[in-house]
Chemist: 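Take a look at this one; I'll ask things after.
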Protein chains: 2
Amino acid sequence: MAGQEKRPIVTVDTVLFTLRDGRLTTLLQSRDKPPHAGSLALVGGYVRPEEDASTTDAASRILRQKAGLAGLFLEQLATFSGPDRDPRGWSLSVAHYALVPEAALAAAQGLEAFPAEDPPPLPFDHGAILAAALARIRTKGAWSSLPALLLPDTFTLPELKAVYEAVMGERLNDSAFRRKINDLRLIEEVPDARSQATAERRRPAQLYRLTRRAFVAFDRVI
Amino acid sequence: MAGQEKRPIVTVDTVLFTLRDGRLTTLLQSRDKPPHAGSLALVGGYVRPEEDASTTDAASRILRQKAGLAGLFLEQLATFSGPDRDPRGWSLSVAHYALVPEAALAAAQGLEAFPAEDPPPLPFDHGAILAAALARIRTKGAWSSLPALLLPDTFTLPELKAVYEAVMGERLNDSAFRRKINDLRLIEEVPDARSQATAERRRPAQLYRLTRRAFVAFDRVI
DNA sequence: TTAATAGTGTCTTTTAGACACTATGAC
DNA sequence: GTCATAGTGTCTAAAAGACACTATTAA
């Protein structure tokens with residue numbers, strides 16, 4: 001097809017969020033090819049029309065192939081484009097973000113953790129993408145059960161409150177939190193299940209899980 | 001460059017919103033080329049790397065060239081992609097939405113107006129894009145001065161309230177509306193300026209305009 | 001003066017935050 | 001029992017809605 005050489009380079013990049021010591025953390029990967037080989041960057045790669053059903057599908061494939069991550073909540077963030085963002089030429093990257101619970105992280109490869117609010121310098125416009133993802137998760141976290149996807153399938157209310165605090169970056173009122181969580185009906189008790197006591201946790205707490213209702217707020221989990 | 005033929009087709013499409021008889025209205029254009037020549041569709045076209053600085057810049061250029069529209073509030077919505085959305089092949093469209101005040105509409109060409117909630121059947125996945133844009137404007141309209149961008153530079157409070165009602169799709173409480181608008185400090189009085197009385201408007205009202213503060217809420221106006 | 005819309009004041013309801021209090025289980 | 005955390009109840013403050021009321025101006 002004539003004019004084909006005028007098409008932009010099309011890639012996807014994914015911002016990975018997880019919890020580390022109760023802080024919102026991002027996971028970066030060392031680039032193995034130029035440009036910026038050796039630099040820490042978002043996990044990304046080319047969209048492959050012959051095998052990807054969508055850009056989100058491409059992001060999912062790349063997370064699996066390059067980081068061993070699967071089954072994550074993964075959502076489109078925004079598209080970044082321009083002549084100068086990539087030395088290979090006019091490029092377009094459909095940025096995504098994903099939430100990585102600790103269990104999924106066990107199988108992952110080659111990822112390094114950094115505080116989400118204080119990342120190292122990043123190549124391309126990955127710094128701007130990370131900042132946009134952080135802004136998105138903060139906004140969206142305030143009125144959905146999204147932060148709970150950073151936790152295991154079952155969790156206690158104090159744990160849930162701590163994740164909301166980490167995601168939103170502010171302290172929450174205890175009784176107001178329980179009231180709101182209850183009103184939204186996003187979680188339900190796991191019958192007869194209580195958490196183990198640990199060194200930090202003197203008293204076991206009731207275990208909860210997300211209700212089916214909680215998931216309709218999300219686009220999808222891949 | 002090898003592998004170039006594997007790059008997706010990259011386009012932009014823009015959902016245009018305006019007010020018509022107090023209702024939120026979308027503006028569509030008859031396509032002059034295949035595929036779907038003659039169908040009403042969103043205003044869109046190819047991204048041209050040699051002249052566009054970004055996809056939003058491409059959307060702005062296409063609005064100017066194909067519809068004679070300039071100076072609009074224009075913002076990225078989301079990116080739609082896949083093998084089947086366009087018969088020409090695997091394609092990706094960066095969807096945008098724009099707000100068209102009546103003054104800008106005067107210079108526009110070849111646009112037809114339809115109720116935003118009840119559009120005609122649209123080709124490609126333009127129906128889904130329009131639905132997403134409507135959802136976005138409703139959400140964002142609730143907590144920003146965005147709806148005011150559908151009005152002229154100066155407007156009365158009753159007019160402003162009517163736009164919010166059209167955008168949000170629900171009736172608002174009068175005194176609560178004034179209180180909120182005042183608290184947000186998004187508008188200011190135009191000194192000694194009052195609207196004209198008309199057939200529907202028995203009594204002139206104070207004219208207001210957006211403050212500079214109101215604009216920081218937005219990404220940009222092109 | 002009347003009709004119609006502009007604009008205000010105030011009461012009620014709802015929601016969110018503060019914070020003291022009780023409950024439970026490990027030790 | 002003691003201590004730390006889980007969980008509840010209640011008071012207060014702030015925000016949102018209902019709605020009656022006053023103000024202004026064209027006719």
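Numbers restart at 1 for each chain; the letters A, B, ... are given by sequence-line order, proteins then strands. In this text, all values refer to a predicted model and were calculated from it rather than measured experimentally.
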Chemist: Looking at A:Ala135, is its backbone amide N or carbonyl O close enough to the side chain of A:Thr139 to form a donor-acceptor pair, meaning the two atoms are under 3.5 Å apart?
Modeler: yes
Chemist: Would you find a donor on one side and an acceptor on the other, under 3.5 Å apart, between the side chain of A:Gln76 and the backbone of B:Thr79?
Modeler: yes
Chemist: Going by heavy atoms closer than 4.0 Å, what residues in residues 177-192 of chain A are next to DNA chain D?
Modeler: A:Arg178, A:Arg179
Chemist: Look at the side chain of B:Pro158 and decide which nucleotide, out of C:dC19, D:dC19, C:dA6, has an atom nearest to it.
Modeler: C:dA6
Chemist: Expressed as a whole number of angstroms, how long is the span from B:Leu172:CG to D:dG17:P?
Modeler: 8 Å
Chemist: To the side chain of B:Ser175, which of D:dA26, D:dG7, C:dT10 is closest?
Modeler: C:dT10
Chemist: In this structure, how many angstroms lie between the C1' atom of D:dT10 and the CG atom of A:Asp174, rounded?
Modeler: 15 Å
Chemist: Looking at A:Asn173 and C:dA18, is any side-chain donor or acceptor paired with a base atom of the opposite kind under 3.5 Å?
Modeler: yes
Chemist: Given Watson-Crick or G-U pairs with both distances under 3.5 Å, what dot-bracket string fits DNA chain D, with | for other-strand pairs and [ ] for crossing?
Modeler: |||||||||||||||||||||||||||
Chemist: Using whole Å, what does the distance between atom C1' of nucleotide D:dA16 and atom OH of B:Tyr164 come to?
Modeler: 16 Å
Chemist: Send over the distance from B:Glu165 CD to D:dG17 P, rounded to a whole Å.
Modeler: 12 Å
Chemist: Given atom CG of B:Leu160 and atom P of C:dG7, what is their separation to the nearest angstrom?
Modeler: 12 Å
Chemist: Hey, does the side chain of B:Thr156 reach the backbone of B:Ala205 with a donor-acceptor pair shorter than 3.5 angstrom?
Modeler: no
Chemist: Without decimals, in angstroms, what is the distance between B:Arg171 CZ and D:dA16 C1'?
Modeler: 17 Å
Chemist: Determine the minimum heavy-atom distance between A:Leu77 and A:Arg136, stating which atoms define it.
Modeler: O-NH2, 2.7 Å
Chemist: Without decimals, in angstroms, what is the distance between A:Gln206 CD and C:dG25 P?
Modeler: 11 Å
Chemist: B:Leu157 CG to D:dA23 P: how many Å, rounded?
Modeler: 19 Å
Chemist: Only one of B:Leu40, B:Leu27, B:Leu122 forms a side-chain contact (heavy atoms from CB on, under 4.5 Å) with B:Phe114, so which one is it?
Modeler: B:Leu40
Chemist: Output yes when a side-chain donor or acceptor of A:Thr11 lies under 3.5 Å from a complementary backbone atom of A:Gly45, and no otherwise.
Modeler: no
Chemist: Is A:Asp174 paired with A:Arg178 through a side-chain N to carboxylate O contact shorter than 4.0 Å?
Modeler: yes
Chemist: Going through the checks in order, is the salt bridge (Lys or Arg N to Asp or Glu O under 4.0 Å) test met by A:Arg61 and A:Asp57?
Modeler: CA-CA 6 Å; A:Arg61 171 181 59 75; A:Asp57 198 51; over 6 Å; no
Chemist: Of the options D:dC19, D:dG7, C:dT5, whose atoms approach the side-chain atoms of B:Arg203 most closely?
Modeler: C:dT5
Chemist: Check B:Arg138 with B:Glu170, please: is the shortest side-chain N to carboxylate O separation under 4.0 Å?
Modeler: no
